[in-house]
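Notes follow the structure.
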Amino acid sequence: MNRDRISRLAHARHPIAAPLSDGSVDDVLRHALARGPGRALDLGCGGGEWLIRAAGLAPSLEAVGVDLSQEAVAHGRAEAARRGVAGQVRLHTGDAAGFGSPQPFGLVLCVGSTHAFGGLAPALAAAGRHLAPGGTVVIGDGYWSAPPPVEAVEALGELDGLAGTVASVTAAGWTPVHGHLSTRAELDAYEWAWTGSLAGWGLEHAGTDDGAQALAVSAGHLDGWLRGYRDCFGFATLVLRRTTG
């Protein structure tokens, strides 16, 4: 199986591909939509779950998403149709970093997808290029909540602490107007859903190469989480507006 297929299976029980509960997602979206953005863009949208939920909260919203995964985009289109918002949500297969639009967006999201741009700072810069004057950005990224062991850094890369992360955001010209820090329960629920969904699928397909691969990836991820980054990884979702201009 390729990486996209594994990710889709792993997120079957947690379509928001980030450690936020349904209530937390709705809270973030209500703050993000408070100014009536009109048009929303999700860079690295996966299955488009943020946009589908936003469309449900704002019936006049025009939502556009872009993601490299054909499987995720196909799943998102089917979900948008099933939930009655296909007329509002348009999902495209492509590189989020190379996406272009002739019109700006009142809301730009990039939650759990900053790696597509090479990190938090370039992801913010990309979001800003698509943003209409007075618009809002929602960005979600990891941070170290405690000093990380070597194994955690090897698994997740170089991250800053929460204060350093927010300082980087403000130094880049953004002001947080709302934020959510994922709780221990949200972080754990996400990891158990990720590993459990993949392991369950692997057990249902025992005796096949794909089933064996799913079980191996799930077990490796579970071990890396429990022994590596569980006690030092946090996730912040920030609602931002430009400090000036």
Side-chain angles (χ1 to χ4, degrees), residues 2-18 20 22 24-118 122-141 237-242:
N2 61 31
R3 184 175 178 178
D4 289 347
R5 178 62 172 159
I6 288 172
S7 178
R8 176 51 44 197
L9 292 172
H11 287 105
R13 298 205 314 253
H14 205 296
I16 288 290
L20 288 85
D22 290 340
S24 297
V25 170
D26 288 346
D27 179 64
V28 169
L29 283 173
R30 287 191 180 95
H31 281 86
L33 295 167
R35 296 166 62 82
R39 303 180 75 234
L41 170 67
D42 191 344
L43 296 168
C45 66
E49 189 67 20
W50 280 96
L51 296 179
I52 291 170
R53 297 192 191 195
L57 292 171
S60 64
L61 184 71
E62 177 188 345
V64 177
V66 58
D67 196 274
L68 277 175
S69 171
Q70 293 183 353
E71 184 166 345
V73 167
H75 174 84
R77 288 171 178 164
E79 273 296 292
R82 185 181 71 82
R83 289 150 72 176
V85 295
Q88 293 176 254
V89 178
R90 293 182 290 116
L91 304 181
H92 305 281
T93 302
D95 182 6
F99 177 78
S101 172
Q103 293 179 293
F105 296 83
L107 171 61
V108 180
L109 303 103
C110 183
V111 181
S113 302
T114 61
H115 59 273
F117 301 89
L124 271 174
R129 289 193 290 272
H130 294 288
L131 194 65
T136 301
V137 166
V138 175
I139 197 152
D141 204 14
T237 306
L238 305 176
V239 181
L240 308 172
R241 290 172 58 192
R242 290 192 187 276

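- Pairs engaging residues 84-109 under the salt bridge (charged side-chain N to carboxylate O under 4.0 Å, His left out) rule: E62-R90 [sequence neighbours left out].
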Q: Kindly indicate, with the supporting measurements, whether the criterion side chain to side chain contact (heavy atoms under 4.5 Å, CB included) is fulfilled by I16 and V111.
A: CA-CA 9 Å; I16 288 290; V111 181; over 6 Å; no

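- Atom OG1 of T93 is separated from atom CG of D67 by 8.0 Å, given to the nearest 0.5 angstrom.
- Once rounded to the nearest 0.5 Å, the distance linking CG of N2 with OG of S69 reads 7.5 Å.
- Residues forming a side chain to side chain contact (heavy atoms under 4.5 Å, CB included) with A96 (at least two apart in sequence, or on another chain): L43, V66, F117.
- Residue V64 comes nearest to L51 through the heavy atom pair O-CD1, 3.3 Å, listed as atom of the first residue, atom of the second, then distance.
- Residues forming a side-chain hydrogen bond (donor to acceptor under 3.5 Å, both in side chains) with R53 (at least two apart in sequence, or on another chain): D22, E49.
- Rounded to the nearest 0.5 angstrom, L124 CG and D141 CG are separated by 9.0 Å.
- Shortest non-hydrogen contact noted between G56 and V85 is N-CG1, 4.3 Å.
- Shown here are the side chain to side chain contact (heavy atoms under 4.5 Å, CB included) partners of R30, two or more places apart in sequence or in another chain: D26, L57.
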Side-chain donor/acceptor pairs under 3.5 Å, residues 97-108, sequence neighbours excluded:
from, atom 1, to, atom 2, distance (Å)
S101, OG, Q103, N, 3.3
S101, OG, Q103, O, 2.9

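- Residue C45 holds its SG atom at 9.0 Å from CD1 of I52, rounded to the nearest 0.5 Å.
- Taking OG1 of T237 as the reference point, atom CG of D27 lies at 10.5 Å (rounded to 0.5 Å).
- A distance of 7.5 Å separates NE2 in H92 from CZ in R77, rounded to the nearest 0.5 Å.
- For R82, the salt bridge (charged side-chain N to carboxylate O under 4.0 Å, His left out) criterion is met by E79, not counting sequence neighbours.
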